[in-house]
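Accompanying notes for the structure given below.
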Amino acid sequence: MVVVTYTRTECGVDFKNHDITLAVLNMEDIIHGHPKNFQINLGFQYEEDYLYCEDMRVCDLLNLKDVSSPVYVYSKKQIEANINKYKTAMKNSGRNIQLSYSVKANMNPSILELMRNHGLFLTLVSGHELRLALDLGQEPGKIVFNGNGKMNWEVDLACRSGVLLNVDSIFNMRQTIDVCKAGGYVANVLFRINPDINPNVHGYVSTGQEGSKFGISADELEEVLEMATTFEKIRVVGLHCHIGSTIREPEKFKQSTRVLVDLFNKLRSRFPDLYVLNLGGGLSIPYKSQISLPQKCKQVVQCEIDKNDDQEIARLYDNLLTSKLTLSTFLEAIKPLPRGKEIFLKLQEQVPSECLVPEPNDLLSSISDIIPPEAKVILEPGRSLVGNSAILLSRVLGTKLSKKKNFIVIDGAMTEVIRPCLYGAYHHVELAEPSRAAHLQNASDQSKLVWDVVGPVCESADFIGKDRLLFTPHEGCSIAVFDTGAYCSSMGSNYNMRVRPAELLVDGEKVKVIRRSETFEDMMKLYTNYYCFSQ
Ligand code: LLP
């Protein structure tokens, strides 16, 4: 793979020596909640109305050779901080846990390599993801292969390579036995259980309720167990469940873990090789972490600061007001402080729940007591490892004003961020540089307007954000769609013959192109033998 690396100076921009000191990026301290380390947001932060990704001013990235808008911009430090949160939580849990990244969230090989360099393994859902994992040198015995409908070649590759295969149904068990017979393989299998739990998420990302297409239901379980017992080439090593995605209640994980542990204890005498409990992924991220603090909350915080003259909270609050801290990071930062807890509890009731999402530590502390110490646990998160690590950086094409609706039309679209249109999901949108239009009018916050931010795709479902309060942007103004590291690039499409964008990985003041933009020729090469182009 060709990787192009740029440094900050190659952007041709005279960077001011902004005092966002990166010395605060001490991961261990951040994870342990040391308040001094909450001076800035890790990956993305604003400084004088310009958005930075680590050391790079993001609007300057659009001037790089071979980079055009829209483009995904990833922060390496943010991914590393996310990994470290899991690692610390795993250490604290006292259990034997394998952390496996769910490739479907984002399959960029450079991201997979980063995961591997930090000791993570991979969970997959297709034969091609498996081929990629094997090509990247992943240890097959640590790979988990999921899926409610696998093709014979996929099961064959999985059994031949010796990966852990999640059996999802009676027909999948039969298929696995047939493949093992034909190839002379022994398959290491986990049973994916449907525990019938409502995870309280959008119906499209709920996967462990009765009536879901995933997992073995209570009705089919005995028959699957019987088949596995009868055929000696099936080695039953574990149980698996994944009840859904964007889960915000640790209690849901507790419920599903209980179901799995009960079954684990019941089946151990029948299957002596049983040792793995795969608890799936599904932890959400605070998609509303960037929203501003509601006015009435501001009064609460100011009043507490004045009353107690609390310098630490005052400093954090100042960073929040100047957009150096997101609301979520601010709330996380004040929680462990002596007077902070009280303020936190007052604000918690008044901010949307998408601001405050449980962390890996909350997840593991809610379940570690019920996990048998001799079991090996697998966690397979996707979103919570990469979701907040990227923005989609776009340019404003123009604005439209009318009595009923105002539109900001950008060059990014549902083809790059399909989640709002598919699940009604919230992705924060913010200008990535000061609006020249706003500047001319000497704008204050009051001069912001309410906009729908939409793309150019010929479809009314093509919206990125609705009813967003933003300054009127100038044409060409760069604009950021936040939290696009998971399920955005990987769910991208060529609809309207749009090319899929490039992806950049920022590491301090270095920028790597980790995926080039697609071209017209890339799209057409699949048709060239079947269609005569006129000369
Ligand atoms: N394990 C299994 C078996 C899964 O099916 C999934 C995701 C994961 C792990 C990782 O879940 P995560 O930690 O990323 O929530 N396109 C949707 C998400 C679909 C996720 C499906 N399964 C979205 O954009 O929200």
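Numbers for residues simply follow the sequence, beginning at 1. In each ligand, atom 1 is the first atom listed, and ligand 1 is the first ligand listed.
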Ion pair [X]/[Y], N-O distance below 4.0 Å:
X	Y	value
Glu222	Arg270	yes
Glu332	Lys85	yes
Asp483	Arg419	no
Glu54	Lys76	no
Lys405	Asp467	yes

ask   = In terms of the angle between their ring planes, are Phe271 and Phe191 parallel, tilted or perpendicular, with boundaries placed at 30° and 60°?
value = perpendicular
Whether Tyr46 and Phe482 hold their rings parallel, tilted or perpendicular, with breakpoints at 30° and 60° = tilted
Backbone or side-chain N or O of [X] under 3.5 Å from ligand 1 N or O:
X	value
Tyr423	yes
Thr123	no
Ser245	yes
Lys104	yes
Thr246	no
Gly244	no

Starting from [atom], what is the nearest protein heavy atom, named by residue and atom, and what distance separates them?
atom	result
atom 10 (C) of ligand 1	Ser102 OG, 3.4 Å
atom 18 (C) of ligand 1	Arg383 NH2, 3.5 Å
atom 14 (O) of ligand 1	Tyr487 OH, 2.6 Å

remark   = With heavy atoms and a 4.0 Å threshold, my read on which part of Arg419 contacts ligand 1 is side chain
Provide the number and element of each atom of ligand 1 under 4.0 Å from a heavy atom of [X].
X	value
Arg192	3 (C)
Gly281	9 (C), 13 (O)
Glu380	1 (N), 2 (C), 3 (C), 8 (C), 9 (C), 10 (C)
Gly282	11 (O), 12 (P), 13 (O), 15 (O)
Pro381	13 (O)

So, 4.0 Å and heavy atoms of [X]: is ligand 1 close enough to count as a contact?
X	result
Val205	yes
Ala105	no
His202	no

query = On the ring face of Tyr426, is Arg468 found with NZ or CZ under 6.0 Å from the centre and within 45° of the axis?
reply = yes
query = Is the closest side-chain donor-acceptor distance between Tyr495 and Glu459 under 3.5 Å?
reply =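 Yes, Glu459 and Tyr495 have a side-chain donor paired with an acceptor closer than 3.5 Å.
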query = Do any N or O atoms from the side chain of Thr484 and from the backbone of Leu392 form a donor-acceptor pair under 3.5 angstrom?
reply = yes
request  = Using heavy-atom distances, let me know which of His240, Met491, His242 sits nearest atom 2 (C) of ligand 1.
outcome  =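 Of the listed residues, His242 has the closest heavy atom.
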inquiry  = Counting neighbours of CD on Glu223 that are heavy atoms of other residues, nucleotides or ligands and sit closer than 6.0 Å, is the number greater than 12?
reply    =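 Incorrect, the count does not exceed 12.
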message = Suppose we call two aromatic rings close when their centres sit under 6.0 Å apart. Are Tyr287 and His427 close by that rule?
response =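 Yes - the distance between ring centres of Tyr287 and His427 falls below the 6.0 Å cut-off.
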